[in-house]
Amino acid sequence: MQTVSIMTWIARTALPRKIWLRSKKRYLEKKKKKMKEIIKAKRPFVRKELSRNDAIKFFSSLGETYKVELLNEITDETVTVYEEGDFTDLCRGPHLESTGKVKAFKLLSVAGAYWRGDEKNKMLQRIYGTAFPSKEELKKHLDFLEEVKKRDHRRLGKELDLFSLNDDIGAGLVLWHPRGAAIRRAIENFWLDEHHKAGYQILYTPHMAKLDLWKKTGHLDFYKENMYSPMEIEGLEYEIKPMNCPFHVSIFKSHLRSYRELPLRFAELGTVYRYERSGVLHGLLRVRGFTQDDAHIFCREDQIEDEVLRVLDFTLFILKTFGFSDYDIYLSTRPEKYVGAEDAWTKATGALEKALIDKGLKYEIDPGEGVFYGPKIDIKVRDSLGRQWQCSTIQVDFNIPERLDINYRGSDSKDYRPIMIHRALMGSLERFFGVLIEHYAGAFPFWLSPVQISLLTISERHAEYARGILNALIKEGIRVDMDDDNEKIGYKIRKATMLKTPFMCIIGDKEMENNTINIRKRNGDNVGEMTIDALTAFLKNEISNRR
RNA sequence: GCCACCGUAGCUCAAUCCGGCAGAGCAUCGCAUUCGUAAUGCGGAGGUUAGGGGUUCAACUCCCCUCGGUGGCUCCA
């Protein structure tokens, strides 16, 4: 969505070593002026062909070592360069015919980037900018960026008092405030109910386990860089969990399993801790402690496809309930570092693909992006601004059943190894919450809203009547609050509107006399006067339809 | 982790460039007002300027370290 390009002709002067925020703005301002001049001059870009050797000589004489490095790797005998005035750049092209063709542009930011995208290389400064064929299109894009800023979950999280991250607690560790926790509870209740209906059994497991367990599972070999250092308890080492699977396996193994029990579906809202490098942490979207809506399905090989189909249906239903009906699906295949037999990978990948084809779902292959223990299907949702977010993942695993030696007794009284399917629909509650905040711009649908309805009194003498309504609605399980502050009604409406409370009840003399309330929506629409019974029925209907 | 920048009252931000009494709006608290659909008025309180060290007669301001955040890079639920 965002247009990013390296404009070679603004890179003509190197960035100063140190840039203050204010001088950074000034710096971009200066660059902008220079660019405008160049555009106005309508200087042509001239394409030239050089032999590779001449090009190396030419760029070496300019001291452009990076271009020389690129040239040394090019095998073609001739290369193309583009000239604009006294500036010559190595580029395959094509270029615009002249600088005058640039109609609308904006420089956005300055940031470091590793030379050729490799963190072992030196870091260079990169200027980000965007250009469009017309001023209108540029404005549209800048408006979009403005809207993205307004919806930023970190900003809304503070404004709506949903969550916080605190210095004293630690980086990437989330505090859910009452209002955020109310939303989480609504999500969790929905999730638990639906999992029960879909034939899952709910588990709870500990936050840590002996280090030896993680050796057995292979995590210490393949996942070490994401795990925290172990802690010692009475001479034994324990590790805080980065994944839930070993615990679920342990429950599977707690007694002998029959083929009749399969598929066995274990689900848990399991909190895991993973080491993430400080620079990658980002609000709720990238944290160090998070709760996965995890599940592990133990099944026979011939049940994989059917189970994957069920999971796909289930996932799309859950996502749809949260207002996501647009998504992109990816099938990730065997990575370089992997465990298990090639034959098993082929079979599992085939099963995943067949399920996608049966459902008639469009998907792309993501080569080599599978997890070390098996191939996976990832579903990335598109939010109301069309941005892509990775949430759901369905992974086949034939490594852990092998390593942890899990079996079931077949109809022939022999032991067989089950296949394990890992899946998370929302991914992590933290990330999903962050995505939801941005998707709804903080204006949650009624069933998710932290406060669903606010009772606003006109003056002190209405407080008692309002309190009666408050208690009645609380009894009905509605998240309601009352604003009986000594303030004008306009101010109370403003407060509730800014908190994006879906409904407000205005309570004054008229309502008290008629034994009614008057409802107003957060967008300003008036729903009208109704009795308490009618209100309760109306609100319950909204909840059951998840609006 | 790497590069650059930032951290001032609960929140949003001045004062930092060029060292010289740390300031405003909102929120909070008190008083007045009892009001009909997006801000009633007046007053009070609120700070070891993220933490630590250094330079200086003097540090929010300059230097170093630590912690945290932002934009990217690399990696990912």
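Per chain, numbering begins at 1; letters A, B, ... match sequence-line order. Everything quoted here is computed from the prediction, not taken from an experiment.
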Sugar-phosphate only, base, or nothing, as touched by [X] at under 4.0 Å among non-hydrogen atoms:
{"X": "Glu511(A)", "answer": "base"}
{"X": "Val287(A)", "answer": "base"}
{"X": "Gln390(A)", "answer": "sugar-phosphate"}
{"X": "Gly490(A)", "answer": "sugar-phosphate"}
{"X": "Arg461(A)", "answer": "sugar-phosphate"}
{"X": "Asp509(A)", "answer": "base"}
{"X": "Lys510(A)", "answer": "base"}

Need the pair for [N]. Rule: Watson-Crick or G-U wobble, both distances under 3.5 Å, any strand; none if unpaired.
{"N": "rU16(B)", "value": "none"}
{"N": "rC35(B)", "value": "none"}
{"N": "rA4(B)", "value": "rU70(B)"}
{"N": "rA27(B)", "value": "none"}
{"N": "rG47(B)", "value": "none"}
{"N": "rA58(B)", "value": "none"}

Is the phosphate of [N] approached by [X] (side-chain N or O, under 4.0 Å from OP1 or OP2)?
{"X": "Lys488(A)", "N": "rA38(B)", "answer": "no"}
{"X": "Arg154(A)", "N": "rG71(B)", "answer": "yes"}
{"X": "His282(A)", "N": "rG71(B)", "answer": "yes"}

Expressed in angstrom and rounded to an integer, what is the separation of [X] atom [atom1] from [N] atom [atom2]?
{"X": "Gln292(A)", "N": "rC76(B)", "atom1": "CD", "atom2": "C1'", "result": "12 Å"}
{"X": "Asp366(A)", "N": "rC76(B)", "atom1": "CG", "atom2": "C1'", "result": "13 Å"}
{"X": "Leu281(A)", "N": "rG1(B)", "atom1": "CG", "atom2": "C1'", "result": "11 Å"}
{"X": "Met426(A)", "N": "rA77(B)", "atom1": "CE", "atom2": "C1'", "result": "12 Å"}
{"X": "Leu499(A)", "N": "rA39(B)", "atom1": "CG", "atom2": "C1'", "result": "14 Å"}
{"X": "Arg494(A)", "N": "rC35(B)", "atom1": "CZ", "atom2": "C1'", "result": "18 Å"}
{"X": "Leu455(A)", "N": "rU37(B)", "atom1": "CG", "atom2": "P", "result": "18 Å"}
{"X": "Asp525(A)", "N": "rU37(B)", "atom1": "CG", "atom2": "C1'", "result": "12 Å"}

The side chain of [X] is closest to which nucleotide in this list: [options]?
{"X": "Glu487(A)", "options": "rA77(B), rU40(B), rA38(B)", "result": "rU40(B)"}
{"X": "Lys158(A)", "options": "rG36(B), rU12(B), rA77(B)", "result": "rU12(B)"}
{"X": "Asn526(A)", "options": "rG68(B), rU37(B), rC76(B)", "result": "rU37(B)"}
{"X": "Ala171(A)", "options": "rG68(B), rC35(B), rA77(B)", "result": "rG68(B)"}
{"X": "Ile506(A)", "options": "rA38(B), rC75(B), rU37(B)", "result": "rU37(B)"}
{"X": "Ile458(A)", "options": "rC35(B), rG1(B), rA77(B)", "result": "rC35(B)"}

Which atom of Tyr440(A) lies closest to which atom of Thr321(A), heavy atoms considered =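 Taking every non-hydrogen atom into account, OH-O, 4.4 Å.
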Exercise: identify the closest heavy-atom pair between Glu430(A) and Val287(A) =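 For Glu430(A) versus Val287(A), the nearest heavy atoms are CB-CG2, 4.3 Å.
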Ignoring hydrogens and angles, answer whether the base of rG1(B) and the side-chain atoms of Glu276(A) contain a donor-acceptor pair closer than 3.5 Å.
->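 By the distance-only test, no, there is no pair.
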Does any N or O donor sit under 3.5 Å from an N or O acceptor when you compare the side chain of Arg277(A) with the base of rU74(B)?
->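 Donor-acceptor pair under 3.5 Å: yes.
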5′-ward residue of the pair Gly279(A)/Ile507(A) relative to RNA chain B |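 Mapping each residue to its closest nucleotide by heavy atoms, the 5'-most match is Gly279(A).
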What distance, rounded to whole Å, do you find between the two [atom1] atoms, one in [N] and one in [M]?
{"N": "rG53(B)", "M": "rA59(B)", "atom1": "P", "answer": "13 Å"}
{"N": "rG7(B)", "M": "rU40(B)", "atom1": "C1'", "answer": "37 Å"}
{"N": "rG25(B)", "M": "rA39(B)", "atom1": "C1'", "answer": "13 Å"}
{"N": "rC35(B)", "M": "rU61(B)", "atom1": "C1'", "answer": "49 Å"}
{"N": "rC18(B)", "M": "rC6(B)", "atom1": "P", "answer": "14 Å"}

Any salt bridge between [X] and [Y], counting N to O under 4.0 Å?
{"X": "Arg151(A)", "Y": "Glu147(A)", "result": "yes"}
{"X": "Arg461(A)", "Y": "Asp509(A)", "result": "yes"}
{"X": "Lys376(A)", "Y": "Glu369(A)", "result": "no"}

Please find out if less than 6.0 Å separates the ring center of Phe433(A) from that of Trp176(A).
->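 Yes - the distance between ring centres of Phe433(A) and Trp176(A) falls below the 6.0 Å cut-off.
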Any chance the rings of Phe322(A) and Phe432(A) have centres within less than 6.0 Å?
->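 That pair passes the under 6.0 Å test.
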Apply ring-ring contact (aromatic ring centres under 6.0 Å, His included) to the pair His422(A) and Tyr373(A), showing each step before the final yes or no.
-> CA-CA 11 Å; His422(A) 306 240; Tyr373(A) 50 67; 4.6 Å; yes
Only one of His248(A), His296(A), His195(A) forms a ring-ring contact (aromatic ring centres under 6.0 Å, His included) with Tyr200(A), so which one is it?
->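 With Tyr200(A) as partner, ring-ring contact (aromatic ring centres under 6.0 Å, His included) holds for just one option, His195(A).
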Rounded distance (nearest 0.5 Å) linking atom CG of Leu473(A) with atom CG of Asp481(A) =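 That separation rounds to 11.0 Å.
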Please tabulate the protein-to-nucleotide N/O contacts below 3.5 Å involving nucleotides 27-29 of chain B, giving atom names and distances.
residue	atom	partner	partner atom	Å
rA27(B)	OP1	Tyr491(A)	OH	2.5

